[in-house]
Amino acid sequence: MSIFSTNCVLPPSDHVTTCEKNGELVYRQTDEANQSLNQEVLFQKSNYPTVELEVESLRSLATENNVKSAFLTCEETRWKRAMQAWHEQGLCGVLEMIADEDSDSSTSWTPWLACASLAVVRWLNSLHGSLYPHLVLSNEDMISEFTSIRNWKKSEICAFAWHPHTPKCAIALKDNSVKIFSGKSEIVSNLKHRLQQCVSALAWKHHSASVLAVACKTCILIWRVDPSSLSTRPAASAAQVLAYQGHGPVTSLAWDPKGGLLASASPSDTAMLIWDVAKGACTVLRRFGGGGVSHLRWSPDGERLFAATPSQMFRVWETQTWQCERWTQLNGRCQAACWSPDGRMLLFATENEPIIYSLKFNKESTTDLIGGSKAAIVCADLSEIAYDQEDEVIKIGGLVQDMALNETGERLAVSFKPNEKNDNLSSLVALFNVGQMQLLELIPIGFVQGEPGNILQMFSFEPTFNEGALLTMVWEDGKVTYVPLFFLSSHDLEQQQNNYLHSIPDQFPQQQN
């Protein structure tokens with residue numbers, strides 16, 4: 001039975017969600033939404049950046065072909081063309097270049113050898129691709145398939161990340177630049193590098209004000225941006241390049257919560273890399289099976305690292321001895337996952353089931369190194385159901401696109417995959433209250449809705465919001481909006497109860513000896 005069949009109210013189609021108060025979502029007309037948010041006293045005290053992007057300028061250099069057309073052609077040596085083909089397309093690109101350039105020559109044996117070699121390479125790739133079809137995708141198609149963004153190719157914003165300790169965010173754009181917005185400052189840093197192509201993920205280092213990791217097509221860039229600098233265009237020399245042969249495109253990054261290590265993953269590489277960024281060296285953790293590594297999630301306590309694969313399997317690594325345990329027989333690959341704040345619970349959803357599962361991990365386990373339960377438990381059935389609203393049948397629910405828990409673990413946000421038969425999901429995020437008394441319990445609060453006609457691309461929770469949780473939503477047209485969720489956390493409630501009990505005078509007479 002779908003969790004949306006009871007206690008779930010849909011917002012009017014012409015309304016926008018402005019905030020949550022007392023466990024209920026507040027909706028306003030689109031033209032009143034911004035004014036209503038600015039009037040919230042609790043949100044007025046915050047110092048979150050206003051993200052404004054010039055969308056038209058982003059579209060002018062959206063593709064690699066447009067970039068090349070801005071420069072004059074020049075004659076290059078065959079060796080230089082071969083190196084460029086190797087860098088962009090690998091061995092197949094070099095063989096294709098040789099075969100095409102020497103095709104008019106009737107005496108040379110080079111084109112015949114190149115064509116024969118190319119046929120052999122493609123035949124071998126087809127055998128591997130029959131087992132793992134994603135390996136025959138282009139870099140752009142592979143990123144679009146495995147990133148958590150709804151439509152990576154069409155979105156003006158390709159990646160988004162909040163800083164873990166301060167109201168600062170990094171945004172990757174279609175023109176391969178990365179912009180950094182910090183509080184109410186008017187200074188916006190613009191990061192550009194010749195290797196910064198096909199950006200698919202961003203990650204700020206913990207316990208650091210300036211270190212940002214950028215996942216690119218052929219490498220990882222580590223930017224060090226001085227927060228006190230007045231420069232808006234840091235030099236390319238401020239970026240450290242981390243590259244490993246065959247590890248690309250990089251689609252996921254995860255910093256160790258202690259800040260020392262960086263994990264990277266690529267769907268085309270069966271190895272997960274653990275980087276010691278200070279030394280520029282990596283440890284290769286390779287396990288055969290799965291066809292690659294698509295998503296990484298480091299637990300908040302730093303003890304475990306979740307690694308999804310493009311197949312029906314995922315692994316959880318123990319980060320002291322780097323041993324792993326795998327869970328198989330999923331109904332499709334793992335689409336989304338998130339950890340509870342204490343690292344004891346993993347929530348995940350697969351690509352072919354509208355169900356959220358949970359895995360419990362026991363820190364006191366001595367018989368099992370990983371400490372995870374053998375079977376996953378169903379937390380919520382998100383099956384699609386139909387509602388009658390305003391003389392129209394509206395369907396909600398379905399397959400999960402992405403999900404996220406806030407820092408206290410008391411709010412869960414879930415977005416849904418696009419459905420050709422149902423476009424109502426394009427601007428909706430389901431919001432749940434999370435109870436963790438004995439068993440994990442998800443209680444629907446409602447649906448967060450954006451402006452009509454705009455398509456949600458990604459979302460995340462800002463980690464430093466102290467009045468509950470701050471849901472950040474990124475839209476296809478480049479807009480970034482905030483939805484504050486005002487509530488008292490369980491820790492605050494417990495503290496208030498303790499303060500109240502201590503404030504009550506002793507009304508009973510003490511026994512006299």
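- Contact check for Asn454 versus Asp477: side-chain heavy atoms found under the 4.5 Å cut-off.
- Between the SG atom in Cys334 and the CG atom in Leu346 there is a gap of 7.5 Å [rounded to 0.5 Å].
- For Ile220 against Ala213, the heavy-atom pair with the smallest separation is CG2-CB, 4.5 Å.
- For Ser294 against Pro310, the heavy-atom pair with the smallest separation is OG-N, 4.1 Å.
- Leu305 has its side chain within reach of Ile274: a pair of non-hydrogen atoms, C-beta onward, lies under 4.5 Å apart.
- A perpendicular orientation is assigned to the rings of Phe4 and Phe416, their planes being inclined by more than 60° (bins at 30° and 60°).
- Although no hydrogens or angles enter the test, the distance criterion places no donor-acceptor pair under 3.5 Å between the side chain of Ser2 and the main chain of Ile385.
- Of the charged side-chain nitrogens involved, none lies within less than 4.0 Å of a carboxylate oxygen, so that Glu303 and Arg344 do not count as a salt-bridged pair.
- Aromatic ring orientation, Trp327 versus Phe361: perpendicular (interplanar angle above 60°, classes split at 30° and 60°).
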Go through the steps for Thr17 and Val26 under the test side chain to side chain contact (heavy atoms under 4.5 Å, CB included), then give the verdict. CA-CA 6 Å; Thr17 308; Val26 179; over 6 Å; no
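- Note that CE of Met345 is 5.0 Å distant from OG of Ser358, once rounded to the nearest 0.5 Å.
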Name every donor-acceptor pair, under 3.5 Å, that has one atom in a side chain of residues 165-173 and the other anywhere in the protein, sequence neighbours excluded.
from: His165; atom 1: NE2; to: His207; atom 2: N; distance (Å): 2.9
from: Lys168; atom 1: NZ; to: Ala209; atom 2: O; distance (Å): 2.7

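- Looking at heavy atoms from C-beta onward, Gln449 lies out of side-chain contact with Leu10 at the 4.5 angstrom threshold.
- By the 4.5 Å heavy-atom criterion applied to side chains, Ile180 and Val225 are counted as neighbours.
- One finds the OG atom of Ser13 at 6.5 Å from the CD1 atom of Ile394 (value rounded to the nearest 0.5 Å).
- The closest donor-acceptor contact from the side chain of Ser208 to the backbone of Lys205 lies at 3.5 Å or more, if one exists at all.
- Within the 6.0 Å centre-distance limit, the rings of His163 and Trp204 are counted as a close aromatic pair.
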If you apply the rule side chain to side chain contact (heavy atoms under 4.5 Å, CB included), what do you find for Cys379 with Glu441, and how did you get there? CA-CA 7 Å; Cys379 284; Glu441 183 182 10; over 6 Å; no
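- For the pair Ser268 (side chain) and Gly248 (backbone), a donor-acceptor distance under 3.5 Å is present.
- The NZ atom of Lys217 lies 9.5 Å from the OG atom of Ser138; values are rounded to the nearest 0.5 Å.
- No donor-acceptor pair under 3.5 Å is formed between the side chain of Glu353 and the backbone N or O of Ile355.
- In terms of modelled atom types and a separation under 3.5 Å, the side chain of Ser299 and the main chain of Arg304 share a donor-acceptor contact.
- When only modelled atom types and interatomic distance are considered, Trp475 and Thr481 share a side-chain donor-acceptor pair under 3.5 Å.
- Applying the ring pair (Phe, Tyr, Trp, His ring centres under 6.0 Å) criterion to Tyr27, with sequence neighbours excluded, gives no partner residue.
- Residues Phe461 and Leu405 have side chains not in contact (no heavy-atom distance under 4.5 Å, counting atoms from C-beta outward).
- The structure places CG of Asp301 at 8.0 Å from OG of Ser340, a figure rounded to the nearest 0.5 Å.
- Gln196 places a side-chain N or O within 3.5 Å of a backbone atom of Asn176 that can act as its donor or acceptor partner.
- With contacts defined as side-chain heavy-atom distances shorter than 4.5 Å, the pair Ile377/Tyr357 does not qualify.
- In this structure, Ser266 contributes its side chain and Pro249 its backbone to a donor-acceptor pair below 3.5 Å.
- Looking at every heavy atom in both residues, Asp256 comes nearest to Gly302 through OD1-CA, 4.4 Å.
- Side-chain contact between Phe314 and Arg326 is absent, with no heavy atoms from C-beta onward closer than 4.5 Å.
- Scanning both residues, Leu212 and Leu191, for their nearest heavy atoms gives CD2-CD1, 4.1 Å.
- Under the 3.5 Å distance criterion, with hydrogens and angles disregarded, no donor-acceptor pair is assigned to the side chains of Asn352 and Thr350.
- A salt bridge is defined here as a Lys NZ or Arg NE, NH1 or NH2 lying under 4.0 Å from an Asp or Glu carboxylate O, and Glu451 with Lys479 meets this definition.
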Given side chain to side chain contact (heavy atoms under 4.5 Å, CB included), test Arg411 with Phe432 step by step and report yes or no. CA-CA 6 Å; Arg411 291 294 183 271; Phe432 298 89; over 6 Å; no
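- The two residues Pro300 and Pro341 make their nearest non-hydrogen contact at CB-O, 3.2 Å.
- Rounded to the nearest 0.5 Å, atoms OG1 (Thr18) and CG (Leu25) are 8.5 Å apart.
- Here the closest non-hydrogen pair linking Ser155 and Ile157 is OG-O, 2.6 Å.
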Verdict with reasoning, Glu462 to Thr464, per side-chain hydrogen bond (donor to acceptor under 3.5 Å, both in side chains): CA-CA 6 Å; Glu462 201 282 328; Thr464 65; 2.6 Å; yes
Given the rule in the side-chain hydrogen bond (donor to acceptor under 3.5 Å, both in side chains) test, do Asp141 and Ser144 qualify, once you have shown the distances and angles that lead to the verdict? CA-CA 5 Å; Asp141 290 338; Ser144 184; over 6 Å; no
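- Residues meeting the salt bridge (charged side-chain N to carboxylate O under 4.0 Å, His left out) test with Lys258, sequence neighbours left out: none.
- With contacts defined as side-chain heavy-atom distances shorter than 4.5 Å, the pair Ile356/Phe348 does not qualify.
- For Ser415 (side chain) and Val429 (main-chain N/O), no donor-acceptor pair under 3.5 Å exists by modelled atom type.
- Listed for the Gln457 side chain is a donor-acceptor partner under 3.5 Å among the backbone atoms of Asn151.
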Determine whether Trp255 and Val277 satisfy the following criterion, side chain to side chain contact (heavy atoms under 4.5 Å, CB included), listing intermediate values before the conclusion. CA-CA 10 Å; Trp255 282 100; Val277 176; 3.7 Å; yes
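- Between the side chain of Arg150 and the backbone N or O of Leu456 there is at least one donor-acceptor pair closer than 3.5 Å.
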